[in-house]
Amino acid sequence: MPRERLLIIVKTYPTLSRKYGETVCTAALRENGSWVRLYPIPFRLMDYTNRYAKFDWIETTLAKSSRDHRPETYHPIDVNDITHHGHMDTEDNWRERRKLVLRKCKIEHRLAPIIEAAHKNQYTLTVFKPTKILDFRWESDDRDWDEMKVQEMRNRSTQGDLFAGEQDWRRTFQLIPKLPWKFFYKFQDADGRISELTVLDWEVGQLYWNCLRRESNLESLALAKVRQQYLDNFVKTDLHFSLGTTLQYSDWAENPWLIVGVFPIPHEHQPELI
């Protein structure tokens, strides 16, 4: 099978799966702007040399998922056979990122057609430009992982059938802290339709933990800092979302889309008139 060159665009905050343990949903773009969903990825169980950051170029060999009917979903043949090929930085006002994300991808502005597309399983990953950001909020969530999932994951690991061959992590691996909040963007699309979608990007969770440490574990202050970044600061940019669906709800939920990536793209500088 040929190896594919991919630019990592999306990494969601880790979740627990009874079958796969702690996993991260990753989405990437090919050089022609087409999408690939990589799932499951046991990201924190991977060898450090194989881990990747957003906007890293990687190469790997993919197989189409047989258990996920969504057209973009693939899985690496071997998660420890992912090689790095550089990082796409933010130089020159996001010039290279803008070229791929905004010029090679189709940018959606209306929710109705993409909901229909998901229901018909035409595509389940896309770039979306909200017309107006109305709010960024949060609500409380479970503070601990589901004990049944944790126990099942531990049992499978001791039996040697969860990511077989990775013995070292079985002795030392600690689950990532459960994020005790759900975050949401409320926005308006080009039709004037107002929607509120969950934000699953790893970065919002990591920002919360970083702010919590800086604010002496005062949750209200940490949440205010997250809101400041995602609302006050990001609303000043040419904000775009990467939207994706979950397998369970993709083809029937009233609105199956979630915000799996947030792109606070700087506005393009207008050339000075002479």
Exercise. Is there side-chain contact between Trp57 and Met88, with heavy atoms separated by less than 4.5 Å?
Worked result: yes
Problem set entry | Connected via hydrophobic side-chain network under 4.5 Å: Tyr74 and Leu7 | no
Exercise. Between Thr237 and Ile265, what is the shortest heavy-atom contact and its length?
Worked result: CB-O, 3.4 Å
Seminar exercise, completed: Scanning both residues in full, the closest heavy-atom pair of Asn121 with His69 reads ND2-O, 2.9 Å
For this session: Check whether the side chains of Asn233 and Gln229 place a donor and an acceptor atom closer than 3.5 Å, and report yes or no.
Result: yes
Seminar exercise, completed: For Tyr230, the ring-ring contact (aromatic ring centres under 6.0 Å, His included) test, sequence neighbours excluded, returns Phe136, Phe234
Exercise. Is there a side-chain contact between Leu29 and Ile8, using heavy atoms and a 4.5 Å cut-off?
Worked result: no
Problem set entry | Distance-only donor-acceptor check, side chains Ser250 and Thr245, under 3.5 Å | yes
Problem set entry | Pairs flagged by side chain to side chain donor-acceptor pair (under 3.5 Å) wherever residues 27-36 is involved - sequence neighbours left out | Glu4-Arg30, Arg5-Glu31, Arg30-Ser34, Asn32-Ser34
Exercise. If only atom types and distance count, is the side chain of Asp201 paired as donor or acceptor with the main-chain N or O of Val262 below 3.5 Å?
Worked result: yes
Problem set entry | Face-on cation placement of Arg143 at Trp181 ring, 6.0 Å and 45° thresholds | yes
For this session: Check whether more than 12 heavy atoms from other residues, nucleotides or ligands sit under 6.0 Å from atom CD of Glu139, and answer yes or no.
Result: yes
For this session: Kindly say whether Thr124 contributes a backbone atom to a donor-acceptor pair with the side chain of Arg37 at under 3.5 angstrom?
Result: yes
Problem set entry | Side-chain touch Lys178/Asp144, heavy atoms, less than 4.5 angstrom | no
Seminar exercise, completed: Rounded to the nearest 0.5 angstrom, the NE2-OG1 distance for His75 and Thr60 is 10.5 Å
Exercise. Distance from Ile58 atom CD1 to Ile82 atom CD1, nearest 0.5 Å?
Worked result: 5.0 Å
For this session: Spell out, yes or no, whether Ile9 and Leu6 are grouped together once hydrophobic residues are joined by side-chain heavy atoms under 4.5 Å, including indirect joins.
Result: no
Exercise. When you look at Thr26 and Val10, which way does the side chain to side chain contact (heavy atoms under 4.5 Å, CB included) test go after all the steps?
Worked result: CA-CA 5 Å; Thr26 300; Val10 167; 6.0 Å; no
Exercise. Side-chain contact, heavy-atom cut-off 4.5 Å: Asp146 with Leu16?
Worked result: no
For this session: Taking all heavy atoms of Leu200 and all of Thr198, pick out the closest pair and write down the distance.
Result: CD2-CG2, 3.7 Å
Exercise. Does Lys129 NZ have over 12 foreign heavy atoms under 6.0 Å away?
Worked result: yes
Problem set entry | Heavy-atom closest contact (Leu179 atom, Phe183 atom, distance) | CD2-CE1, 4.0 Å
Exercise. Does atom NZ of Lys106 have more than 12 heavy-atom neighbours from other groups under 6.0 Å away?
Worked result: no
For this session: Without swapping roles, check the side chain of Asp78 against the backbone of Asn80 for a donor-acceptor pair under 3.5 Å.
Result: yes
For this session: Evaluate ring-ring contact (aromatic ring centres under 6.0 Å, His included) for Phe187 paired with Phe241, printing each intermediate quantity in order.
Result: CA-CA 11 Å; Phe187 61 92; Phe241 300 147; 5.6 Å; yes
Exercise. Is any side-chain heavy atom of Trp202 less than 4.5 Å from a side-chain heavy atom of Lys54?
Worked result: no
Exercise. If we only count heavy atoms from C-beta on, is the Arg137 to Glu196 side-chain gap below 4.5 Å?
Worked result: yes
Problem set entry | Cluster overlap Val24 with Trp209, hydrophobic side-chain contacts below 4.5 Å | yes
Exercise. Is any side-chain N of the basic residue among Arg213 and Glu219 closer than 4.0 Å to the acidic one's carboxylate O?
Worked result: no
Problem set entry | Distance in Å, Asn255 CG paired with Tyr249 OH, rounded so as to fall on 0.5 Å steps | 13.5 Å
Exercise. Does the pair Arg98/Glu96 count as a salt bridge with the N-to-O cut at 4.0 Å?
Worked result: no
Exercise. Do NZ/NE/NH1/NH2 and the carboxylate oxygens of Asp92 and Arg95 come within less than 4.0 Å?
Worked result: yes
Exercise. Judged by atom type as modelled, is there a donor-acceptor pair below 3.5 Å linking the side chain of Thr12 to the main-chain atoms of Cys25?
Worked result: yes
Problem set entry | Donor-acceptor contact below 3.5 Å, side chain Ser242 vs main chain Gly261 | no
For this session: Decide whether a cation-pi geometry holds between Arg97 and Phe55; the criteria are a distance under 6.0 Å from NZ or CZ to the six-membered ring centre and an angle within 45° of the ring axis.
Result: yes
For this session: Start with the C-alpha gap between Val204 and Tyr13, add the side-chain angles, then the distance that decides, and say whether side chain to side chain contact (heavy atoms under 4.5 Å, CB included) holds.
Result: CA-CA 8 Å; Val204 71; Tyr13 196 82; over 6 Å; no
Problem set entry | Backbone N/O of Tyr123 and side chain of Arg70: donor-acceptor pair under 3.5 Å | no
Exercise. Passes side chain to side chain contact (heavy atoms under 4.5 Å, CB included), Lys186 versus Ile194? Steps please.
Worked result: CA-CA 7 Å; Lys186 185 176 182 180; Ile194 294 176; 3.7 Å; yes
For this session: Taking the side chain as every heavy atom from C-beta outward, state whether Leu38 and Leu62 have any pair of such atoms under 4.5 Å apart.
Result: yes
Exercise. Going by atom types only, do Glu203 and Tyr208 share a side-chain donor-acceptor pair under 3.5 Å?
Worked result: no
Exercise. Is any side-chain heavy atom of Pro256 less than 4.5 Å from a side-chain heavy atom of Asp251?
Worked result: no
Exercise. For Asp56 and His87, what are the C-alpha separation, side-chain angles and deciding distance, and is it a side-chain hydrogen bond (donor to acceptor under 3.5 Å, both in side chains)?
Worked result: CA-CA 4 Å; Asp56 277 355; His87 180 77; 2.7 Å; yes
For this session: Please check if any side-chain donor atom of Arg3 sits under 3.5 Å from a side-chain acceptor atom of Thr83, or the reverse.
Result: yes
For this session: Output the distance between atom CG (Leu207) and atom CG (Leu212), rounded to the nearest 0.5 Å.
Result: 11.0 Å
Exercise. Hey, does the side chain of Lys11 reach the backbone of Tyr52 with a donor-acceptor pair shorter than 3.5 angstrom?
Worked result: yes
Problem set entry | Considering all heavy atoms, the nearest Phe128-Ile114 contact | CD1-CD1, 4.2 Å
Problem set entry | Donor-acceptor under 3.5 Å (Asp189 side chain, Leu111 main chain) | yes
Problem set entry | Residues Val260, Leu243; criterion side chain to side chain contact (heavy atoms under 4.5 Å, CB included); working and verdict | CA-CA 6 Å; Val260 293; Leu243 300 186; 5.8 Å; no
Exercise. Okay, side chain of Lys182, backbone of Ser140: is any donor-acceptor separation there less than 3.5 Å?
Worked result: no
Seminar exercise, completed: When rounded to the nearest 0.5 Å, the distance separating OG1 of Thr131 from CG of Asp191 is 8.0 Å
Problem set entry | Between NZ on residue Lys225 and CG on residue Asn210, distance to nearest 0.5 Å | 13.0 Å
For this session: Using atom types as modelled and distance alone, determine if a side-chain donor or acceptor of His240 lies under 3.5 Å from a backbone N or O of Pro130.
Result: no
Exercise. Are Val226 and Val199 joined in one hydrophobic group, where the rule is that I, L, V, M, F, W and Y side chains link up if heavy atoms are under 4.5 Å apart?
Worked result: yes
For this session: For residues Glu108 and Thr126, report the shortest heavy-atom separation together with the two atoms involved.
Result: CG-OG1, 3.3 Å
